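Please read these numbers as outputs of a predicted model, since none were measured by experiment. Residue indices begin at 1 and follow the sequence shown.
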Amino acid sequence: ISLDQVDMHQFHEQDKNNLFYALLLGLIESSQLKPRGKSVEGLRIELMHHLRKMPLDCKLGDKTVEQHVKSRMKSNDKLELYSQLMMNATGDDCFEGGALEVYLFSRLMNVNVAVYNKQDDMLTRVDYIAAKGDKKPTIHLLCTSDTRRRRSESGLISPTRCNYKLFTP
């Protein structure tokens, strides 16, 4: 997809990589959610409650739930602590969402999610998470590399490797 054929959406800086804002707006734009029908905090809580119910060996993309969590956590109390920390939507320990949250979102909201990388003036799809059933809407996310490598105050969760922006092709 050529960059001149898409509309990018900008958001608040409260969510450092904009993933949760992008996902919420994607639901609204695809008529899956009414405006003000859910908050970033509400979405985080819903996703993390869903995560806690999943078996550790459940595959989400090319990794299991356990592998996704281990790749971000520095503690041994992995799943429970990860989900508890990810529910926090404000403050210094507002952790950014990543691939795990995108997979959880697609599964829980039953929407397709297409993830793209930018190469020169083109967007190339690098992942596609399919919803169950036919004719489900697709939310398009641009994943750009994050070179700042932020650390949380507590140091418990490693930062994600990319920032997300919602776009409409």
Side-chain angles (χ1 to χ4, degrees), residues 1-51 54 58-65 67-69 71-72 83 86-87 89-90 94-150 157-169:
I1 300 174
S2 174
L3 275 177
D4 61 359
Q5 296 177 333
V6 301
D7 292 324
M8 290 289 175
H9 304 282
Q10 299 297 320
F11 299 94
H12 302 275
E13 291 300 318
Q14 181 181 5
D15 185 1
K16 293 178 181 73
N17 72 356
N18 296 321
L19 175 63
F20 297 103
Y21 288 104
L23 294 173
L24 279 178
L25 186 59
L27 285 176
I28 293 167
E29 285 187 348
S30 63
S31 301
Q32 302 301 298
L33 179 69
K34 291 183 181 192
R36 296 188 182 101
K38 196 176 296 241
S39 66
V40 167
E41 184 177 22
L43 178 61
R44 284 175 173 263
I45 289 169
E46 198 171 341
L47 293 176
M48 291 305 107
H49 281 301
H50 185 66
L51 176 63
M54 296 179 78
C58 179
K59 283 289 246 186
L60 296 174
D62 61 350
K63 295 181 182 176
T64 64
V65 168
Q67 290 168 329
H68 276 287
V69 173
S71 72
R72 303 264 328 262
S83 63
M86 285 301 293
M87 284 188 208
T90 60
C94 176
F95 300 108
E96 302 98 347
L100 173 59
E101 287 72 29
V102 174
Y103 281 102
L104 290 170
F105 174 82
S106 176
R107 179 177 276 208
L108 187 61
M109 301 301 164
N110 201 26
V111 295
N112 303 312
V113 179
V115 180
Y116 297 79
N117 283 341
K118 180 181 171 191
Q119 296 174 344
D120 299 320
D121 288 338
M122 298 294 291
L123 300 180
T124 304
R125 189 169 77 186
V126 294
D127 201 359
Y128 185 81
I129 306 156
K132 292 182 181 178
D134 294 333
K135 298 183 181 181
K136 298 295 180 182
T138 300
I139 294 173
H140 300 270
L141 298 174
L142 171 61
C143 177
T144 57
S145 294
D146 186 356
T147 57
R148 294 176 290 155
R149 302 303 300 160
R150 298 175 300 273
I157 295 182
S158 298
T160 61
R161 292 190 175 97
C162 63
N163 292 324
Y164 295 92
K165 288 184 180 178
L166 176 71
F167 72 91
T168 306

**Report entry** Nearest atoms (heavy-atom pairs only) where E41 meets M87
**Finding:** CG-O, 4.4 Å

Query - Nearest non-hydrogen partners of R72 and G98, listed with the distance - result: NH1-N, 3.9 Å

Report summary line: side chain to side chain contact (heavy atoms under 4.5 Å, CB included) filter on H50, not counting sequence neighbours, yields M54, L104, R107, L108

Query - Check: Q67 side chain, T64 main-chain N or O, donor-acceptor pair, under 3.5 Å - result: yes

Query - Closest non-hydrogen atom pair between S106 and I129, with its separation - result: OG-CG2, 3.2 Å

Query raised in the report: Could you give the distance from CG (L23) to CG (L141), rounded to the nearest 0.5 Å?
Result: 5.5 Å

Query raised in the report: Which heavy-atom pair separates S83 from L51 by the least distance, and what is that distance?
Result: CB-CD2, 4.3 Å

Query raised in the report: Which distance, rounded to the nearest 0.5 Å, do you find between the NZ of K118 and the SG of C143?
Result: 13.0 Å

Query raised in the report: For the atom pair CG (L166) and CG (L142), what is the distance rounded to the nearest 0.5 Å?
Result: 10.0 Å

**Report entry** Residues in side-chain hydrogen bond (donor to acceptor under 3.5 Å, both in side chains) contact with N112, at least two apart in sequence or another chain
**Finding:** Y128, T138

Query - Heavy-atom side-chain proximity of V115 to R125 below 4.5 angstrom - result: no

Query raised in the report: Among all residues two or more places apart in sequence or in another chain, which pass the side-chain hydrogen bond (donor to acceptor under 3.5 Å, both in side chains) test with E46?
Result: K38

Report summary line: One should read off an interatomic distance between L27 CG and K34 NZ, to the nearest 0.5 angstrom, of 14.0 Å

Query raised in the report: Does M109 reach the side chain of I139, with side-chain heavy atoms less than 4.5 Å apart?
Result: no

Query raised in the report: Would you find a donor on one side and an acceptor on the other, under 3.5 Å apart, between the side chain of Q32 and the backbone of S30?
Result: yes

Query - Aromatic ring pairing Y116/H140, orientation class (parallel under 30°, perpendicular over 60°, tilted between) - result: tilted

Query raised in the report: Do you know which two heavy atoms are closest between F20 and V40, and how far apart they sit?
Result: CB-CG1, 3.7 Å

**Report entry** Y103 vs K63 side-chain heavy atoms within contact, under 4.5 Å
**Finding:** no

Query raised in the report: Hey, which of L19, L47, L24 is the one that makes side-chain contact (heavy atoms from CB on, under 4.5 Å) with F105?
Result: L47

Requested in this report: With rounding to the nearest 0.5 Å, note down the distance linking NZ in K165 to CG in L123.
Outcome: 11.0 Å

